[in-house]
Amino acid sequence: MSVTVAKTAGFCFGVNRAVEQVFSLARQGKPTYTLGPIIHNPQIIGELERLGIRSIDTPAENTDRRLVVIRSHGVGRQVYEELQAMGVEYVDATCPFVAKIHRLVEEHSKQGKLIIIAGDPDHPEVVGIQGHCYGPCIVAKNAEILEKMLRETANITDFSAILVSQTTFNTNEWQKCVEITKKVCTNLAIFDTICIATMQRQKEAAQLAQQVDAMIVVGGRNSSNTAKLVEICTPYCPTYQVEQAQELLQLPLQGKHRFGVTAGASTPGCIIKEVRKTMTEIQNMNDEMSFEEMLEQSFKSTYNGEKVTGVVTGITGNEVAVDIGTKHAGYIPLHELTDDPNAKIEDLVKKGDELELMVVRVNDVEGTVMLSKKRLDAIAGFEKVMGAEETGEILEGVVTEIVKGGLLAMTNGVKVFIPASQATASRHDNIEDLLKKTVRFKIIETNRQRRRALGSIRAVLKEEKKALEEKFWSEVEVGKVYTGVVKSLTSYGAFVDLGGVDGMVHISELSWSRIKHPSEVVNVGDTVEVYVKDIDTENKKISLGYKKAEDNPWTILQNKYHVGDVVPVKVVSMTAFGAFAQVIPGVDGLIHISQISQERINKPQDVLSIGQEVNVKITELDFDKKRVSLSIRALLDDADRADESAEADAE
């Protein structure tokens with residue numbers, strides 16, 4: 001067996017530059033986030049996470065205001081503006097080749113030109129490029145889609161346009177896009193923005209694939225440029241994608257003697273070396289296969305219902321071609337791949353994927369075998385659901401339908417019936433609200449012969465509530481502050497959910513002012529901050545406080561007012577011996593009947609009325625007995641003395 005490693009395999013300049021910058025920050029101990037994974041390689045990402053550097057999806061997630069590194073894919077103009085508005089320090093590690101595309105589309109977009117991008121519309125690099133456009137923009141991931149989009153664009157010939165590409169775009173597909181765009185757009189400028197390193201890597205991979213029995217492409221499953229290498233090599237020979245060397249042991253490499261190895265731009269050199277080493281180690285396994293074994297392998301047949309392992313070798317609009325290591329050509333129709341009628345095959349599998357499948361039908365005449373992933377998944381899912389009754393495992397599924405007496409939830413390809421009585425924490429809750437929602441449940445009953453299972457959401461909710469209660473009672477103490485949600489109101493108080501445990505705020509603890517009902521202060525559903533006043537551990541009861549000491553009106557009065565101050569007040573009630581007036585909300589003072597007027601009056605109503613606002617003088621403050629004495633007469637007497645003094649001065 002011979003193994004040839006491509007010279008251009010591994011890190012490109014832009015990725016290497018970005019990774020080095022992040023590791024440098026890690027060595028400095030600088031608290032850092034990367035805006036998206038810095039590289040599509042799980043090993044590097046895992047190492048960075050161990051060093052305390054993880055990724056965030058948006059600037060808004062940077063709540064602790066760490067330094068942010070913009071990865072080599074680049075970002076749109078809006079992201080820069082958001083970072084600057086937040087005042088967050090950032091390092092721009094955008095690949096220089098990508099930054100050049102940003103400048104191109106921004107400049108020409110400002111001139112009113114149509115921007116045409118050949119690339120994957122969901123790829124972060126392409127999303128970033130679009131973010132620098134000021135006007136119309138078209139994005140197509142291949143020539144076929146681009147031609148359709150251009151012909152559907154109204155008044156396309158009226159546009160001046162430019163054509164650019166994703167830096168890792170397939171060079172062959174790029175040439176097709178160029179020819180199509182030239183035919184449709186009369187005023188067109190073309191900028192070949194495929195990275196030189198990418199072009200060299202793709203060219204070398206294609207050449208190598210034509211010289212070997214099989215290609216091994218090393219790179220992350222989410223790496224766009226790695227996926228394109230697989231796509232380029234597949235027409236020439238069986239091509240397999242691996243993330244780590246151990247995956248080689250699962251590949252059908254028997255009978256092949258010449259191997260080529262290439263790697264995506266996000267693959268570290270250490271992983272490429274490990275793949276090369278592992279390939280050497282399995283050489284003996286291939287060499288030891290006898291002629292009889294190889295002959296038997298080439299004539300190996302299969303039968304309906306058999307479980308086989310296959311590798312995806314091609315994808316069309318409605319089926320997947322699969323190599324299962326026999327003389328038959330395997331294929332999976334779309335309806336045997338998924339139950340989703342809106343699914344696209346290219347979103348579910350890609351060339352080089354290894355799948356566990358079931359044989360559905362063998363046609364020896366045509367030399368084909370129809371396979372199903374969906375049926376095998378359903379069998380495995382059925383066993384998982386059946387076993388969950390004994391293990392007590394909590395399953396997760398999506399509610400697909402509300403039926404008579406309950407609902408149906410799909411989990412692992414199996415529909416589980418959940419009775420209405422087991423669907424919610426309370427019988428009063430509406431199960432209609434669960435439709436299309438993801439729910440967690442336990443299997444409480446199964447019937448293997450009838451392939452039926454009953455589930456319970458309530459059992460999970462009950463366990464979770466119990467766990468929360470135990471945690472709460474182990475940590476609660478008087479004075480501790482909680483944020484809770486008002487669950488219900490009664491005439492004597494409000495019940496607050498503290499997270500699995502309810503506490504009560506007595507009506508007297510809701511406000512310093514006298515209120516008739518808790519709804520004057522809070523409503524059901526309100527989020528409130530409360531503190532623990534008392535704990536009855538034996539009866540599992542919690543008394544809560546809501547009003548704050550600093551809001552005590554008597555404290556406010558003591559800090560703000562003094563005996564002798566003249567203040568405006570509002571008359572709120574009358575008695576035979578005087579009138580009560582509000583000094584501040586929550587504190588009323590008494591104007592004794594003898595202090596209402598300088599003349600003798602029979603009742604307060606002779607001078608005052610409820611709601612009337614008057615100026616008074618504070619004559620007494622008794623904070624221990626919570627009393628305030630007020631006087632209108634004292635003001636009148638002061639005024640008379642002032643007049644007498646003025647007259648005396650005039651004489």
Side-chain angles (χ1 to χ4, degrees), residues 10-99 102 120-132 166-168 218-227 241-247 263-272 274 396 438 440 471 483:
F11 273 176
C12 69
F13 162 75
V15 172
N16 188 61
R17 171 174 168 266
V19 171
E20 282 298 322
Q21 285 179 292
V22 177
F23 273 104
S24 175
L25 291 168
R27 287 191 292 270
Q28 297 171 33
K30 184 106 175 169
T32 303
Y33 288 127
T34 62
L35 197 54
I38 196 66
I39 184 175
H40 287 143
N41 180 270
Q43 290 76 31
I44 296 292
I45 294 299
E47 187 175 346
L48 287 172
E49 287 179 348
R50 287 191 292 274
L51 293 173
I53 294 181
R54 62 180 181 84
S55 69
I56 56 176
D57 293 325
T58 64
E61 294 178 48
N62 187 10
T63 54
D64 48 357
R65 305 180 68 78
R66 294 187 179 189
L67 180 142
V68 172
V69 177
I70 297 173
R71 57 184 172 174
S72 59
H73 294 315
V75 294
R77 185 178 60 257
Q78 184 179 351
V79 176
Y80 288 106
E81 293 172 352
E82 191 173 349
L83 288 168
Q84 290 163 4
M86 292 173 64
V88 171
E89 183 184 358
Y90 66 89
V91 172
D92 192 350
T94 302
C95 171
F97 291 105
V98 177
H102 291 176
D120 183 349
D122 297 323
H123 192 277
E125 179 187 318
V126 177
V127 173
I129 295 170
Q130 287 180 271
H132 288 271
Q166 184 177 343
T167 57
T168 55
V218 188
R221 304 278 184 222
N222 298 322
S223 170
S224 174
N225 63 84
T226 302
Q241 181 181 353
V242 299
E243 281 189 349
Q244 299 184 67
Q246 299 94 303
E247 297 175 37
S266 302
T267 307
C270 59
I271 294 181
I272 300 173
E274 186 64 27
E396 190 173 274
T438 298
R440 300 170 72 241
K471 184 175 185 295
T483 298

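Numbers here simply count residues along the sequence, with the first being 1. Note: hydrogens, waters and symmetry copies are ignored here, and every other heavy atom, side chains too, is used.
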Give the minimum heavy-atom separation between [X] and [Y], together with the two atoms involved.
{"X": "Q241", "Y": "T226", "result": "NE2-CG2, 3.4 Å"}
{"X": "V75", "Y": "H132", "result": "O-NE2, 2.9 Å"}
{"X": "I39", "Y": "I44", "result": "CG2-CG2, 3.6 Å"}
{"X": "P59", "Y": "L83", "result": "CB-CD2, 3.8 Å"}
{"X": "S72", "Y": "V15", "result": "OG-CG2, 4.0 Å"}
{"X": "P96", "Y": "R17", "result": "CD-NH1, 3.9 Å"}

Measure the shortest side-chain to side-chain distance between I38 and S55 over non-hydrogen atoms and say whether it is less than 4.5 angstrom. no
When the side chains of residues 18-28 are checked against the rest of the protein, which donor-acceptor pairs come out under 3.5 Å, sequence neighbours left out?
residue : atom : partner : partner atom : Å
S24     : OG   : Q28     : NE2          : 3.2
Q28     : NE2  : S24     : O            : 3.4

Interatomic spacing from [atom1] in [X] to [atom2] in [Y] - rounded to 0.5 Å:
{"X": "T94", "Y": "H73", "atom1": "OG1", "atom2": "NE2", "result": "10.5 Å"}
{"X": "L48", "Y": "T34", "atom1": "CG", "atom2": "OG1", "result": "7.5 Å"}
{"X": "H102", "Y": "Q130", "atom1": "NE2", "atom2": "CD", "result": "10.5 Å"}
{"X": "I45", "Y": "R50", "atom1": "CD1", "atom2": "CZ", "result": "11.0 Å"}

Main-chain N/O of D120 paired with Q166 side-chain donor or acceptor, under 3.5 Å: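 Answer holds: yes.
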Enclosure of Q78 CD (heavy-atom neighbours >12, cutoff 6.0 Å):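 Check fails, neighbour count at 12 or below.
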Would you give me the side-chain donor-acceptor pairs under 3.5 Å for residues 64-71, sequence neighbours excluded?
residue : atom : partner : partner atom : Å
D64     : OD1  : Y33     : OH           : 3.1
D64     : OD2  : Y33     : OH           : 3.1
D64     : OD2  : R66     : NE           : 3.2
R65     : NH1  : M86     : O            : 3.0
R65     : NH2  : M86     : O            : 2.3
R66     : NH1  : G52     : O            : 3.3
R71     : NE   : L35     : O            : 3.4
R71     : NH1  : P37     : O            : 3.0

Test of understanding: with salt bridge (charged side-chain N to carboxylate O under 4.0 Å, His left out), list the residues that count as partners of E247, not counting sequence neighbours. R221
